Protein chains: 2
Amino acid sequence: MDDARLIVDAETVVAERPRDHKAELRLWLRLLTCATLVEDEIRSRLRSEFDVTLPRFDLMAQLHKAPDGLTLSQLSGRMMVSNGNLTALVERLVEAGQLERRVSETDRRVVNVVLTAQGERDFAAMASRHEGWIADFFGELSDAESEDLMRLLGKLKASARAAITGPREGR
Amino acid sequence: MDDARLIVDAETVVAERPRDHKAELRLWLRLLTCATLVEDEIRSRLRSEFDVTLPRFDLMAQLHKAPDGLTLSQLSGRMMVSNGNLTALVERLVEAGQLERRVSETDRRVVNVVLTAQGERDFAAMASRHEGWIADFFGELSDAESEDLMRLLGKLKASARAAITGPREGR
DNA sequence: CGGATTCATTTTAAGCTTAAAACAATTGGC
DNA sequence: GCCAATTGTTTTAAGCTTAAAATGAATCCG
């Protein structure tokens, strides 16, 4: 067809060829495999050692980082999870005695959630084990490799965010 | 305290200190963020553009790669998903006219699943868009960076697998 | 003051996910 | 041929997840 414009320079050629993106696809699949591999194993260990689900662990981790408690909306924002989801999740942890709900006195719409002493203790035990597991999973990477990976993932994160948020042409 | 044993060499110090593994934890969190970011966006686009869920897309992708069809067990193995899960998933795609079940004639326990012509058409359209999205998400990475990332993730995959399968002491 | 709007949470409906139990068909050993 | 073990699938129970509708409370503004 119009091969005339093809030979400009290497970059342009790459950009204009309707090339297949199998390499990116493989990269994505590998990234997903790694994440799933690690996540599923953590899930399974949390379950067998502590009889806790990953979402509950995540929720407790958020509250641990915020000793003064958080509202449901703050939690759903930080956990990237829907508000309705949280209502049920919190409910179960309250039943288990690890969380406490406190309806705000200044604004009766908001519910503050805090770890109980029991919840704090339970979480400490889990977090310590959890950190060790992660160290094991990443154990074969040298410090330099970890740094490289950290940097590349940082770049990917920025790239993906741009691709997701960006394409609002004309603003 | 007992600083006496501290000065041996850098490696020993690192190895013996009951050091915290916050760096690995941050790395894991970043990896998870990237995977979740991309996966959620794919999920959302598949839903809004094609009214299809990610699990259904994955299932169709597996069948597309195996034009002669697969059994439920083969599918559950490749998708890393439970057998029971698949039964329901397949059921819905059959209702949608994209899949066909065929009870094997040689072994009446096994069910073979194949894409219908409609399913094949639907999948082709989705797969093409999907590939473009991935290319966009990874767009800011140079070819060299993509290769590095591929290699490092390969190493991580091996490391994690070893940590997961390995620690059966004494065999 | 009072109606409209906004905001935080809960409820609902639909779907994904798993582990474990149940079922059904086949195969192996006698 | 028959019984036991194995294998492939389905069912069940429990939990996670979301989007959308519903509720209830606070705030805005005329």
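Below, each value reflects all heavy atoms present in this structure, side chains not excepted, and no hydrogens, waters or symmetry copies. In the text below, chain A, chain B and the rest are named by the order of the sequence lines, each starting its count at 1. Because the structure is predicted, anything quoted here is derived from the model rather than measured.
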Interatomic distance, B:L27 atom CG to A:M150 atom CE [nearest 0.5 angstrom]: 6.0 Å
Spatial distance of atom CD (B:E91) from atom CG (B:L93) [nearest 0.5 Å]: 9.5 Å
B:V110 and B:N112: CA distance, side-chain angles, deciding distance, side chain to side chain contact (heavy atoms under 4.5 Å, CB included) verdict: CA-CA 7 Å; B:V110 341; B:N112 271 278; 3.8 Å; yes
Residue-level proximity of residues 82-101 of chain A to DNA chain C when a heavy atom falls under 4.0 Å: A:N83, A:G84, A:T87, A:R101
Beyond-backbone contact of B:L70 with B:V114, side-chain heavy atoms, under 4.5 angstrom: no
Sub-4.0 Å heavy-atom contacts from residues 28-39 of chain B onto DNA chain D, ordered by number: none
With A:E145 via side chain to side chain contact (heavy atoms under 4.5 Å, CB included) - residues at least two apart: A:L141, A:S142, B:R151, B:L152, B:K155
Pairs involving residues 131-152 of chain A, ordered by first then second residue, that meet ring pair (Phe, Tyr, Trp, His ring centres under 6.0 Å) (sequence neighbours left out): none
Sugar-phosphate only, base, or nothing, as touched by A:R43 at under 4.0 Å among non-hydrogen atoms: nothing
With B:V94 via side chain to side chain contact (heavy atoms under 4.5 Å, CB included) - residues at least two apart: B:V90, B:L99, B:R101
Pairs touching residues 140-161 of chain B that satisfy ring pair (Phe, Tyr, Trp, His ring centres under 6.0 Å), sequence neighbours left out: none
By side chain to side chain contact (heavy atoms under 4.5 Å, CB included) - contacts of B:R121 (at least two apart): B:A117, B:Q118
Name the atoms and distances for all side-chain donor-acceptor pairs under 3.5 Å in residues 50-64 of chain A, with sequence neighbours left out.
residue, atom, partner, partner atom, Å
A:T53, OG1, A:R56, N, 3.4
A:H64, ND1, A:E120, OE2, 2.5

Taking N or O atoms only and anything under 3.5 Å, show me the protein contacts with nucleotides 21-29 of chain C, one pair per line.
residue, atom, partner, partner atom, Å
C:dT26, OP1, B:R108, N, 3.1

B:E95, CD atom: more than 12 neighbouring heavy atoms under 6.0 Å: yes
Check: A:S44 side chain, A:D40 main-chain N or O, donor-acceptor pair, under 3.5 Å: no
Nucleotides bounding contact with chain B, strand DNA chain D, heavy-atom threshold 4.0 Å: D:dT7 to D:dA19
Distance in Å, A:L32 CG paired with B:L153 CG, rounded so as to fall on 0.5 Å steps: 11.0 Å
Within residues 68-81 of chain A, residues whose heavy atoms come under 4.0 Å of DNA chain C: A:T71, A:L72, A:S73
Which pairs would a plain distance check flag for residues 73-86 of chain A, meaning a side-chain donor or acceptor within less than 3.5 Å of a matching protein atom at least two apart in sequence or in another chain?
residue, atom, partner, partner atom, Å
A:Q74, OE1, A:T71, N, 2.8
A:S76, OG, A:S73, O, 3.2
A:S82, OG, A:N85, N, 3.2

